[in-house]
Amino acid sequence: MSRSTQVAIIGGGPGGYAAAFLAADLGLNVTLIDTEPNPGGVCLYRGCIPSKALLHVAKVIGEARQAREWGVTFGDPQINVDALRKWKKGIVGKLTEGLGDLCRRRKVDFVQGRAVFRDANALIVRTESGTEVVAFEHAILATGSFPASLPDLGADSPRILDSTTALALPDIPESLLVIGGGYIGLELGSVYAALGTRVSVVEATSGLLPGVDRDLVRVLSRRLKERFAAVMLDATVTALHEEPDGIRARFEGAGATEAEQVNEKVLVAVGRRPLTDGLGLENTRVALDARGFVQVDSQRRTHEQSIYAVGDISGEPMLAHKAAHEGRIAAEAIAGKKTAFEPQAIPAVVFTDPEIAWCGLTESEAKQQQRDVTIARFPWAASGRALTLGHRDGVTKLVIDPETQRILGVGIAGSGAGEMIAEGVLAVEMAALASDLSLSIHPHPTLSESLMEAADAFFGHSTHVYRPPRVK
Ligand code: NAD
């Protein structure tokens, strides 16, 4: 069998389906190929969506516990793992089936199968019913990434989980060792801790979430210290051995407070790698960089004129919303529009409780670049809304150019940070000045006021924070 299409898209995650839908909306004939029965990719099937469902449950459990401080006491949660799994699966099903329906409505040809490049204008797609050739004018590679594994540490066991198997929630283990204190380690560690597992984290660098501003991470670390049995920084695992009761891990490094530990399960969350193997890229001129990412230009075009690449496969940050934006740029470029991927701010959110979110220039990046910036902070202890929510330990900060007073970056640690960072993205993208935020009336009482008050603090005039004037 064979078919021909104007645009073939390989990978139906947020990068691939966003590209497919816009290309179809722009009048192009589109074929979207994925191994799953519907679009969705890692984000919907095994990543963002199922993890956020479980993190919501973790938050509810956490708040129910915290309610004791407010005079309301609930009993210990009774967790029906089958029902929880079913609820999570239902959400994923609804969303992915909805995407399948959107494909049909837009007349995007969805092919369930595995695609390999035969050359720069054709794919060979293996489906359940056989093999077919898909000839294309343009292709967009959007195959995403997969969990990185550790070098062989001695144990190969179903007790060793990655993000996919941990999200499947096979059971609630009595104890869990999380290797890697990044996004996945802290999000999934938080889920299991809330469900009752004794969680220990081992992180190779000197702090959780390396690269993120320390004042933001501190807000989370303080809470995690209460929730996790142990957090070992500057420590790595040198060996894993399976024993009848679990996995014995041996630790090394300045921060290894214990020499070894036995846990029922181990979660490896040490990063993700771009998925470029087995795609037949050797049959094209698509080139990879030293880290294995596909090299692309500002329109996401690879070294092969007919092939574009978007999402995790084309570089950091490996985030669904960056992939979707790139996918739309590639679709526009194919449709002949003048377009380029040039965001001023890509937001990042760690969906722990509290959440951490940032966008644009961070304080750490400014330091590395030896760039002169002014940091304006608003501590949530001064926010009425934060106190009513029991979240007085949050902070909102602005990274401001002292000359132009332009907002270069925003960081937030606290409940709802992931929702609020969008205002920061808009401020950075629109080249807003501190006065723009300060003069925009924010609703009271909300956490969003913290952005306005941080801008007020830049001028020394935050209503709810008193800073005595400097004596001259
Ligand atoms: P990550 O890069 O965020 O964190 C990996 C951590 O593992 C780092 O802190 C690193 O120092 C540590 N590490 C590496 N090797 C180690 C070792 N041998 N022993 C101990 N620690 C070690 O990676 P991740 O958490 O696996 O997530 C992968 C990617 O998935 C992220 O970069 C992110 O782009 C994406 N993601 C995003 C979200 C979100 O947006 N909320 C959630 C989950 C995943």
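Because only heavy atoms are used, hydrogens play no part in the values below, and waters and symmetry mates are left out as well, while side chains stay in. Order of appearance sets the numbers: ligands from 1, and atoms from 1 within every ligand.
Polar contact with ligand 1: absent for L209 (N/O pair, distance under 3.5 Å). The shortest N or O to N or O distance between L150 and ligand 1 is not under 3.5 Å. On a distance-only criterion, P317 and ligand 1 share no N/O pair closer than 3.5 Å. When only interatomic distances are considered, the shortest N/O to N/O separation between G271 and ligand 1 falls below 3.5 Å. Considering backbone and side-chain atoms alike, E316 places every N or O at 3.5 Å or more from each N or O of ligand 1. For ligand 1, the polar-atom distance check against M318 finds a nitrogen or oxygen pair separated by under 3.5 Å. In terms of N/O distances under 3.5 Å, ligand 1 is approached by E187.
Residues passing the ring-ring contact (aromatic ring centres under 6.0 Å, His included) test with F341 are H325, sequence neighbours excluded.
Within the structure, side-chain hydrogen bond (donor to acceptor under 3.5 Å, both in side chains) pairs that include any residue of residues 90-101 comprise D101-R105 (at least two apart or interchain).
Listed for the D213 side chain is no donor-acceptor partner under 3.5 Å among the backbone atoms of L216.
The closest side-chain heavy-atom distance from F251 to V202 is below 4.5 Å.
Comparing S163, A269, P147 by heavy-atom distance to atom 5 (C) of ligand 1, the nearest is A269. Of the candidates G180, S206, S145, the one placing a heavy atom closest to atom 7 (O) of ligand 1 is G180.
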- Task: Assess whether side chain to side chain contact (heavy atoms under 4.5 Å, CB included) is satisfied between V349 and I356, documenting all intermediate values.
- Result: CA-CA 6 Å; V349 183; I356 300 190; over 6 Å; no
